[in-house]
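Atoms within each ligand, like the ligands themselves, are counted from 1 in listed order. We use all heavy atoms of the structure for the numbers below, so side chains are in, but hydrogens, waters and symmetry mates are not. For the single chain, residues carry numbers from 1 onward in sequence order.
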Amino acid sequence: MSMGQEVRYRVRGGRPLNGTVFIQGAKNAVLPMIGAALLAAKGRTVLRNVPIIEDVHRALELAEHIGAKVEFHETERTVVIDASQLDDPARAVLPADIAARFRGSVLFVPALMHRMGQARIEGVGGCNLGSRKLDFHYRGFARLGAEVTEDEERNHISVKAGNLKGGHLYLDTPSHTGTENLIMAAVLAPGTTVIEHAALEPEVLDVIEFLTRMGAKISGGGTGFITVEGVKELTAVEHTIMSDRIDAGVFAMMAAATGGEVSLVGAHLEHLGVARWKLEQMGVEFAQQGAVLHVRRDPGSPLRPINAVTSPYPGFATDLQSPLMALATLATGESYLHEAIYDGRFALADELNKMGAKIEVDGTRAIVHGTAETALRGTDVVAHDLRTGAALVLAGLVAEGETVVAPGYLVDRGHAQFASRLAALGADVHREVGA
Ligand SMILES: CC(=O)N[C@H]1[C@@H](OP(=O)(O)OP(=O)(O)OC[C@H]2O[C@@H](n3ccc(=O)[nH]c3=O)[C@H](O)[C@@H]2O)O[C@H](CO)[C@@H](O)[C@@H]1O
Ligand SMILES: C=C(OP(=O)(O)O)C(=O)O
């Protein structure tokens, strides 16, 4: 897609989702893995089950920009990365026009430090979710010996690696990308690094598995207390990316919203953490059979309201809070949602209210007054961020008439072939490109 074209999702409501859908590879695992692949000075990395999403395109553009050779075999969902030529420090720049479009760009900094001795980041973007700092990342790099300078006015950050060496690190809160970035900074730094209060997300464990296969020495993944012994070099390897638990959660909630029955290929119930129990309390039925997760909701029994507070894994994922809010508008009764990670995620409430929902927001808390399913009406709504976009498509699936969700780019940042996968389940959803 060219940058200037407007993408919209046009949804006509009223059809239950039924059938089988392929759950994509995890966005939040593939982005750090592209960053990790750049740590290998020899050979070619092969990543499989790569989701065809805009953030992956941006990450690969960024990898090429700094000097890697990249092939994306989309039909095979396979990326091949040759990072043997990352030796020109003049290219150690993450330019604003790419980096500002996805926050995952910060995951390139360790590779730039190790391979080129320096990094300049000219503006890191990501979903518009209110204040999102990167201080844990930069403070950690500094504790490993890097020199970090910030030009706040221009939104530039410069990092000089110097002689990185192991150190004792901690995170104020268990930051997902912060943990991945500090691990990647430590794997090639001589000596021992300890990271306290590390994130426990399944994607972080998948990244640790990938780095370990590359030759890194990492222990304590999943315990919140990670130890890294620096090694001299890492080797290019092959890895299959885990499935995307947020993509799975969204399809599960869409099946629930429409009173349908869907098989999610590749999805794993244990990756959903607390979200699984919350959805079960609402009346969603799950059954895991091997690598397929079956989801259904009896159309004869209405959804029950729910209370949820977002927190790091295994708590209720903030990325699933938006679709949960949309789902809660269909429950009979009052739901309470507390967004404890981001202060900008409730822009969705106004959009759902445009569709006839009754949601009251007070700071980081929201009360959703659930109404009968037919109460939502289709209209033009704004996707303020990726998950708001997905949540509005969910609302559109049960709304009367037509819902148009834009900008679709934000949905395309994180969900692959969204419209065609929904259409294959019987939904009336079209992705339109044009003015
Ligand atoms: C590419 C990727 O994996 N993105 C995910 C990752 O984002 P990301 O890794 O950016 O999220 P974090 O876990 O770092 O953020 C959690 C909270 O900590 C704050 N914070 C974070 C870092 C820091 O240096 N200083 C600081 O104050 C943030 O502003 C936020 O309020 O985890 C989020 C929380 O599960 C998900 O919503 C994102 O989908
Ligand atoms: C917040 C998200 O992503 P990112 O961290 O890439 O902005 C998300 O996936 O909902």
* To do: Would you sort out whether Gln24 and Ser243 count as a side chain to side chain donor-acceptor pair (under 3.5 Å), showing the intermediate values?
  => CA-CA 6 Å; Gln24 69 187 37; Ser243 75; over 6 Å; no
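- Using a 4.0 Å cut-off to heavy atoms of Leu386, the atoms of ligand 2 that qualify are 8 (C), 9 (O).
- Put simply, the residue from Leu293, Asp244, Val295, Leu264 that forms a side-chain contact (heavy atoms from CB on, under 4.5 Å) with Phe251 is Leu264.
- Ion pairing between Asp247 and Arg421 holds under the 4.0 Å rule for side-chain N and carboxylate O.
- Residue contact check for ligand 2: His415 places no non-hydrogen atom closer than 4.0 Å to it.
- Residue Thr173 has at least one heavy-atom neighbour below 4.0 Å for each of these atoms of ligand 1: 18 (O).
- No side-chain donor-acceptor contact under 3.5 Å links Asp412 to the backbone of Glu54.
- His197 contributes a side-chain N or O that, together with a main-chain N or O of Leu171, makes up a donor-acceptor pair within less than 3.5 Å.
- In this structure, Phe418 and His415 have parallel ring planes: the angle between them is below the 30° cut-off, well short of the 60° mark.
- Close approach of ligand 2 to Arg413 (heavy-atom distance below 4.0 Å) involves ligand atoms 3 (O), 4 (P), 6 (O), 7 (O).
- Less than 4.0 angstrom separates some heavy atom of Arg103 from each of these atoms of ligand 1: 10 (O).
- Taking only non-hydrogen atoms, the option from His176, Arg103, Arg387, Gln321 nearest to atom 8 (C) of ligand 2 is Arg387.
- One N or O on the side chain of His114 and one on the backbone of Met184 form a donor-acceptor pair closer than 3.5 Å.
- Neither the backbone nor the side chain of Arg58 comes within contact range of ligand 2; no heavy atom lies under 4.0 Å.
- No N or O atom of Asn28 sits closer than 3.5 Å to an N or O atom of ligand 2.
- Close approach of ligand 1 to His137 (heavy-atom distance below 4.0 Å) involves ligand atoms 24 (O).
- Considering backbone and side-chain N/O atoms, Thr318 never comes within less than 3.5 Å of an N/O atom of ligand 1.
- With a 4.0 Å heavy-atom cut-off, ligand 1 is reached by the side chain of Asp319 but not by its N, CA, C or O.
- Aromatic ring pairs are classed by plane angle as parallel below 30°, tilted from 30° to 60° and perpendicular above 60°; the pair His168 and Phe225 is perpendicular.
- Within a 6.0 Å radius of NZ in Lys354, more than 12 heavy atoms belonging to other residues, nucleotides or ligands are found.
- Of the polar atoms of Glu201, none of the N or O atoms is found under 3.5 Å from an N or O of ligand 1, judged by distance alone.
- Contact annotation for Tyr138 and ligand 1: no heavy atom of the residue comes within less than 4.0 Å of the ligand.
- Atoms of ligand 2 found under 4.0 Å from any heavy atom of Arg345, numbered from 1 in the order shown, are 1 (C), 10 (O).
- Remark: ligand 1 and Ile341 share an N or O pair separated by less than 3.5 Å (distance only, no angle test).
- Within the 3.5 Å criterion, the main-chain N or O of Arg365 finds no donor-acceptor partner in the side chain of Asp362.
- For ligand 2 and Lys27, the ligand atoms under 4.0 Å from any heavy atom of the residue are 2 (C), 3 (O), 4 (P), 6 (O), 8 (C), 9 (O).
- The number of heavy-atom neighbours closer than 6.0 Å to CD of Glu147, taken from other residues, nucleotides and ligands shown, is 12 or below.
- Below 3.5 Å of separation, one finds no N or O of Tyr342 facing any N or O of ligand 2.
- Within ligand 1, the atoms closer than 4.0 Å to a non-hydrogen atom of Thr177 are 1 (C), 2 (C), 3 (O), 8 (P), 9 (O), 10 (O), numbered from 1 in the order shown.
- Taking CG from Leu272 and CD1 from Ile246, the interatomic distance works out to 8.0 Å, rounded to the nearest 0.5 Å.
- Here's the thing with Arg387: none of its N/O atoms is less than 3.5 angstrom from an N/O atom of ligand 1.
- Checked against a 3.5 angstrom limit, the closest N/O atoms of Leu31 and ligand 1 fall outside it.
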